[in-house]
Amino acid sequence: MDLLTSDFDQSLNFVVRNGFKLHPHFYNCTGVDGFALGTRREYIGTYFFVVGCILLLIYVPCLLVISRSDLMKSSCYKIMVFLGILDICCILTNSVATGLLGFVGATFCSYPLFIFFMGSLGTGCWMGSCATCILLGINRCCDVNQHLRIRTIFIGRKMYLTIAVPVLYTIYSMFFIKPILFNSNYISWFFNPMLPGHEATDYVNIAHTVNNCVVSMATTAIYAYLCILLFAKSKHFRSESISKTQTQIFFQSVLICSFNAIAAYIYVYMQFFYSPPSVVLVGQLAWQCAHGSVCLIYITMNRTVRRGVIDLVVPRVIRDRARIGTTTITRPILSVVGADAKLTTRTGTSSGTVF
């Protein structure tokens with residue numbers, strides 16, 4: 001069967017167009033007991049589910065704070081908000097659904113449609129987040145080296161056309177290629193549903209493999225270039241080259257995209273070489289970290305987001321009491337060092353542009 005035709009027949013697009021019925025040749029579960037083929041994974045399943053819920057409880061407020069704040073004036077944070085939406089969708093697949101399905105010992109034929117939909121969501125948003133991470137890296141390069149001509153794609157209304165590229169790529173990856181499917185024996189997701197009468201080659205996803213190879217190499221190259229550029233600037237122009245804000249955003253971006261690159265490397269390896277269950281589990285954990293670590297980075301490294309989340313989540317009465325107590329304790333100290341504090345605040349803001 002033609003590879004392109006096979007991709008369409010095994011995609012969410014086919015399912016939607018055919019009354020939400022899976023392809024009878026590739027995904028026929030007649031006479032197959034999905035639970036009999038699986039293994040109950042109560043402990044690791046509980047871990048994925050609980051951690052996934054915690055990450056969502058942290059991530060959603062962070063995203064709300066960023067979207068409502070002045071941070072959205074920066075093109076970098078526009079990209080990060082879209083990346084956050086993709087991350088939340090991926091956490092629903094790689095943590096929440098993984099935990100629930102692993103706990104009950106499910107395989108594809110246990111809940112075919114549910115697993116197919118969650119796999120399509122996870123595949124599309126994973127590949128979309130890879131493209132968005134590359135875009136975020138290019139954005140950081142343009143911020144540090146403002147002589148790059150490509151910088152213009154992040155200015156003004158062009159920014160929305162730029163973000164449209166990963167948006168369309170996400171839609172393509174979600175609706176037009178083979179999805180990943182859950183298997184509790186490995187507590188992970190595979191393109192192969194492992195049904196009798198089919199070869200693994202029937203379910204190879206070339207687009208996903210190319211995506212992972214490209215994101216691995218591109219992310220590594222982009223951030224290696226950024227590190228060299230930042231080192232060179234800080235060495236020759238210590239006082240004025242890079243603002244504190246630029247440095248903070250750079251490190252946030254590096255951490256966010258490093259996890260994506262690690263997960264991509266592992267899944268590329270898993271596509272072509274035999275992987276024992278321990279390696280498969282590491283790959284699944286890396287995928288979870290690739291999306292779940294972002295909200296932890298925001299809440300620990302970004303003071304604006306952290307304060308916004310506290311204001312959003314903590315009742316005002318409690319916040320006021322805490323501030324009154326803090327003001328009472330720190331007033332004598334501030335009266336002595338107030339001038340220095342103002343001077344530090346003023347000099348800590350550089351003229352560097354974050355566009």
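- Contact record, R41 with I44: CB-CG2, 3.4 Å, taken as the closest heavy-atom pair.
- Put simply, the side chain of S11 does not reach to within 4.5 Å of the side chain of D7, judged on heavy atoms.
- Judged by distance alone, the side chains of S75 and N139 do bring a donor and an acceptor atom under 3.5 Å apart.
- With no hydrogens or angles considered, no side-chain donor-acceptor pair links Q10 and Y203 at under 3.5 Å.
- Across all non-hydrogen atoms, the minimal contact from C109 to L195 is SG-CD2, 3.4 Å.
- Annotation: side-chain contact (heavy atoms from CB on, under 4.5 Å) contacts of S184 (sequence neighbours excluded): T107, F182.
- Proximity of Q284 to I187: side-chain heavy atoms (C-beta onward) are nowhere separated by under 4.5 Å.
- In this structure a side-chain-to-backbone donor-acceptor pair under 3.5 Å is missing from N13 to F175.
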Run the side-chain donor-acceptor check on residues 153-169: report pairs under 3.5 Å with partners two or more places apart or on a different chain.
| from | atom 1 | to | atom 2 | distance (Å) |
| --- | --- | --- | --- | --- |
| T162 | OG1 | I153 | O | 2.7 |
| T162 | OG1 | K158 | O | 2.9 |
| Y169 | OH | N211 | OD1 | 2.8 |

For this session: Report the C-alpha distance between L181 and M194 in whole Å, list the side-chain angles of each, state the deciding distance to 0.1 Å, and finish with yes or no for side chain to side chain contact (heavy atoms under 4.5 Å, CB included).
Result: CA-CA 9 Å; L181 306 168; M194 303 182 190; over 6 Å; no
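- Within the 4.5 Å cutoff, the side chain of F117 has no heavy atoms near those of the S120 side chain.
- V50 and L57 fall into different hydrophobic clusters, where Ile, Leu, Val, Met, Phe, Trp and Tyr residues are linked whenever their side-chain heavy atoms come under 4.5 Å apart, directly or through other members.
- Both V60 and V313 are members of a single hydrophobic cluster when ILVMFWY side chains are connected at heavy-atom separations under 4.5 Å.
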Output a table of donor-acceptor pairs, distance under 3.5 Å, between side-chain atoms of residues 94-106 and any protein atom two or more places apart or on a different chain; print 'none' if there are none.
| from | atom 1 | to | atom 2 | distance (Å) |
| --- | --- | --- | --- | --- |
| N94 | ND2 | C90 | O | 3.3 |
| N94 | ND2 | W287 | O | 3.4 |
| S95 | OG | Q288 | NE2 | 3.0 |
| T98 | OG1 | T93 | O | 2.8 |
| T98 | OG1 | N94 | O | 3.3 |
| T98 | OG1 | W189 | NE1 | 2.8 |

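- Sorted by first and then second residue, the side-chain hydrogen bond (donor to acceptor under 3.5 Å, both in side chains) pairs involving residues 48-66 (not counting sequence neighbours) are Y59-D87.
- Cluster annotation: V280 and V204 are assigned to the same hydrophobic cluster (Ile/Leu/Val/Met/Phe/Trp/Tyr, side-chain heavy-atom contacts under 4.5 Å, transitive).
- Using a distance-only test at 3.5 Å, with no hydrogens or angles considered, no donor-acceptor pair links the side chain of N145 to the main chain of C141.
- If you take CD1 on I138 and CZ on R151, they are separated by 14.5 Å, rounding to the nearest 0.5 Å.
- Atom CG of residue L92 and atom CG of residue L56 lie 5.5 Å apart, to the nearest 0.5 angstrom.
- Atom OG of residue S173 and atom CG of residue L121 lie 12.0 Å apart, to the nearest 0.5 angstrom.
- With rounding to the nearest 0.5 angstrom, the NE2 atom of H291 is 12.0 Å from the CD1 atom of I88.
- Distance check, rounded to the nearest 0.5 Å: OG of S74 to CD1 of I79 gives 8.0 Å.
- Looking at every heavy atom in both residues, G38 comes nearest to N185 through C-OD1, 3.6 Å.
- Between M174 and T123, every side-chain heavy-atom pair lies at or beyond the 4.5 Å cut-off.
- Using a 4.5 Å heavy-atom cutoff, the side chains of P179 and L12 are not in contact.
- There is a side-chain donor-acceptor pair under 3.5 Å between Y77 and N302.
- Residues T220 and S216 share a closest heavy-atom pair of OG1-O, 2.7 Å.
- In terms of the ring pair (Phe, Tyr, Trp, His ring centres under 6.0 Å) criterion, residue partners of F35 (sequence neighbours excluded) are, by chain and number, Y111.
- Using a 4.5 Å cut-off on side-chain heavy atoms (C-beta onward), V279 and Y186 make no contact.
- Around the CZ atom of F190, the shell of radius 6.0 Å holds more than 12 heavy atoms that belong to other residues, nucleotides or ligands.
- Going from atom CG of L71 over to atom CZ of R68 covers 14.0 Å, rounded to the nearest 0.5 Å.
- Hydrophobic clustering places I115 together with L113 (ILVMFWY residues linked when any side-chain heavy atoms are closer than 4.5 Å, directly or through intermediates).
- Screening N212, V210, I206 for a side-chain contact (heavy atoms from CB on, under 4.5 Å) involving H208 leaves a single residue, N212.
- Each of F114, F26, F191, Y27 was checked for a ring pair (Phe, Tyr, Trp, His ring centres under 6.0 Å) with F108, and the lone residue meeting it is Y27.
- Between N183 and S188 there is no side-chain heavy-atom pair separated by less than 4.5 Å.
- When only modelled atom types and interatomic distance are considered, N28 and T30 share a side-chain donor-acceptor pair under 3.5 Å.
- Taking R40 as the reference, E42 meet the salt bridge (Lys or Arg N to Asp or Glu O under 4.0 Å) condition, with sequence neighbours excluded.
- Taking each heavy atom of P112 and L22 in turn, the nearest pair found is CB-CD1, 3.7 Å.
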For this session: For R307 and I310, run side chain to side chain contact (heavy atoms under 4.5 Å, CB included): C-alpha distance rounded to whole Å, both residues' side-chain angles, the deciding distance at 0.1 Å, then the answer.
Result: CA-CA 5 Å; R307 287 177 177 174; I310 292 173; 5.6 Å; no
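- Here the closest heavy-atom approach between residue F14 and residue N18 is recorded as O-ND2, 2.7 Å.
- Hydrophobic clustering places I66 together with L312 (ILVMFWY residues linked when any side-chain heavy atoms are closer than 4.5 Å, directly or through intermediates).
- In this structure the side chain of L136 never reaches within 4.5 angstrom of the side chain of T132, judged on heavy atoms.
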